[in-house]
There are 2 protein chains.
Amino acid sequence: MDSKIFNLKAKLEVYKAMTNGANFADCPVRDVIQGISGKWSSLLVMALAEKPYRFGELRRLVPDISQRMLTQTLHDLQRDGYVHREVFPTKPPSVEYSLTDLGRSMFLPLQQLVQWAELNHDAVRDARAAFDTAQG
Amino acid sequence: MDSKIFNLKAKLEVYKAMTNGANFADCPVRDVIQGISGKWSSLLVMALAEKPYRFGELRRLVPDISQRMLTQTLHDLQRDGYVHREVFPTKPPSVEYSLTDLGRSMFLPLQQLVQWAELNHDAVRDARAAFDTAQG
DNA sequence: ATCGGTGGTCTCAAAAAGAGACCAGCGCTA
DNA sequence: TAGCGCTGGTCTCTTTTTGAGACCACCGAT
């Protein structure tokens with residue numbers, strides 16, 4: 001935090017990778033970020049970071065997700081390598097979802113963002129209220 | 001809208017995992033996260049972290065955003081206090097967008113995620129390819 | 001025999017996003 | 001002086017994404 005040089009240096013590297021020279025289109029970083037920036041993706045990763053969950057458990061854990069979007073988001077997370085899906089031959093069959101090593105490694109920076117949100121949600125709420133008041 | 005994602009039973013455990021032990025009565029984290037996890041939000045914050053940009057510059061920087069979504073996303077980011085909007089009385093009037101202190105402070109953890117994406121986009125790409133091959 | 005819990009899929013409606021026309025005002029050029 | 005383009009938007013229409021909820025087969029317990 002106290003090192004401006006570190007921040008600047010890191011930023012430059014990031015932009016080199018991000019901007020692909022000229023603009024933000026067709027950049028791999030953006031492709032990855034968008035894969036985890038969906039409405040439910042980060043939420044499910046956060047839940048699975050605690051421990052593996054079964055489909056129905058996740059559904060109860062996140063009550064306002066539709067079954068359809070739960071299926072779809074887990075499928076996308078599995079496709080990108082963040083989540084492992086394992087079917088157990090119980091009767092009826094149960095399905096367990098867990099984070100892969102890649103998923104756990106991604107959760108580390110994601111957690112930083114979550115902690116920022118925790119620390120600054122008051123500022124965001126205040127900004128919203130001020131903006132809405134000013135705009136009418 | 002109620003920002004409590006998790007039901008009461010699971011709340012304590014999950015929050016413990018999410019926040020390294022800190023607890024809170026309400027759950028604004030999700031509200032804040034969703035405000036910056038839209039398709040274009042993080043991208044625009046990343047762009048503005050470099051330097052302030054005018055509307056048209058942003059539109060050229062992110063060629064595949066529609067003018068409509070650019071307006072709307074910038075408006076939302078301004079409302080949440082991440083972005084400052086300033087109109088200059090040139091002819092025709094020009095509008096400059098820049099990060100606020102809040103926006104810059106949010107960019108620090110966001111940058112961590114971007115750096116992770118930079119380091120791991122190959123792994124994600126490989127996972128996708130493997131998954132698509134396996135599924136046919 | 002019926003009920004509930006398993007992890008889904010299917011359909012239809014609603015919401016969100018994309019595409020592109022349009023706008024007023026001014027400077028530049030032909 | 002008549003057009004043309006650049007400014008930052010908005011408005012409308014179409015397409016994509018999401019939400020709500022019905023349905024499914026299976027089995028064990030009631």
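Worth knowing before you read on, the calculation uses all heavy atoms, side chains too, and leaves out hydrogens, waters and symmetry mates. Letters A, B, ... mirror the listed sequences (proteins, then strands); counts begin at 1.
Note: CG (B/Leu58) to P (D/dG9) measures 11 Å, nearest angstrom. Distance, B/Arg59 CZ to C/dG18 P: 15 Å, rounded to whole Å. Here the C1' atom of nucleotide C/dA19 and the CG atom of B/Leu70 are 15 Å apart, to the nearest Å. Regarding A/Gln67, its CD atom lies at a distance of 10 Å from the P atom of C/dT6, rounded to whole Å. Atom CD of B/Glu86 and atom C1' of D/dG8 are 15 Å apart (whole Å). Rounded to whole Å, atom C1' of C/dG7 lies 14 Å from atom NE2 of A/His75.
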When you look at B/Arg125 and B/Asp122, which way does the salt bridge (Lys or Arg N to Asp or Glu O under 4.0 Å) test go after all the steps?
CA-CA 5 Å; B/Arg125 180 175 41 73; B/Asp122 283 337; 2.7 Å; yes
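Closest to the side chain of B/Gln72, from the set C/dG8, D/dG9, C/dA17, is C/dA17. With C/dG27, D/dT7, D/dG19 as the candidates, the nucleotide lying closest to the side chain of B/Arg60 is D/dT7. When each of D/dC26, C/dG7, C/dG18 is scored by its nearest atom to the side-chain atoms of A/Pro92, the top-ranked nucleotide is D/dC26. Checking C/dA17, C/dG7, C/dG27 against the side-chain heavy atoms of B/Met69 singles out C/dA17 as nearest. Taking every side-chain heavy atom of A/Arg54 into account, C/dT6 is the closest of C/dG8, C/dT6, D/dT7. Considering only side-chain atoms of B/Phe55, the nucleotide from C/dG18, D/dG9, D/dG19 that sits closest is D/dG9. Distances from the side chain of B/Thr71 to the nucleotides C/dG18, D/dT10, C/dT6 place D/dT10 closest.
Base contact: A/Arg68 has a heavy atom under 4.0 Å from a base atom. Residue-level contact check: A/Phe88 touches neither bases nor backbone, having no heavy atom under 4.0 Å from any strand.
Of all heavy-atom pairs spanning A/Ala49 and A/Leu99, the tightest one is CA-CD1, 3.7 Å. The two atoms that bring A/Leu102 and A/Asp80 nearest to each other are CD2-O, 3.7 Å, heavy atoms only.
Residues A/Ile65 and A/Lys91 both approach DNA chain D. Their nearest nucleotides, taken by heavy-atom distance, put A/Ile65 toward the 5′ side.
In this structure, OG1 on A/Thr90 lies 6.5 Å from CZ on A/Arg54, to the nearest 0.5 angstrom.
Looking only at distances, no side-chain donor or acceptor of B/Ser41 sits under 3.5 Å from a matching main-chain atom of B/Ser37.
For the pair B/Lys39 and C/dG18, the criterion of a side-chain N or O lying under 4.0 Å from OP1 or OP2 is met. Phosphate proximity of D/dG19 to A/Trp40: present, with a side-chain N or O under 4.0 Å from OP1 or OP2. Between A/Tyr97 and the phosphate of C/dG8, there is a side-chain N or O to OP1/OP2 separation shorter than 4.0 Å.
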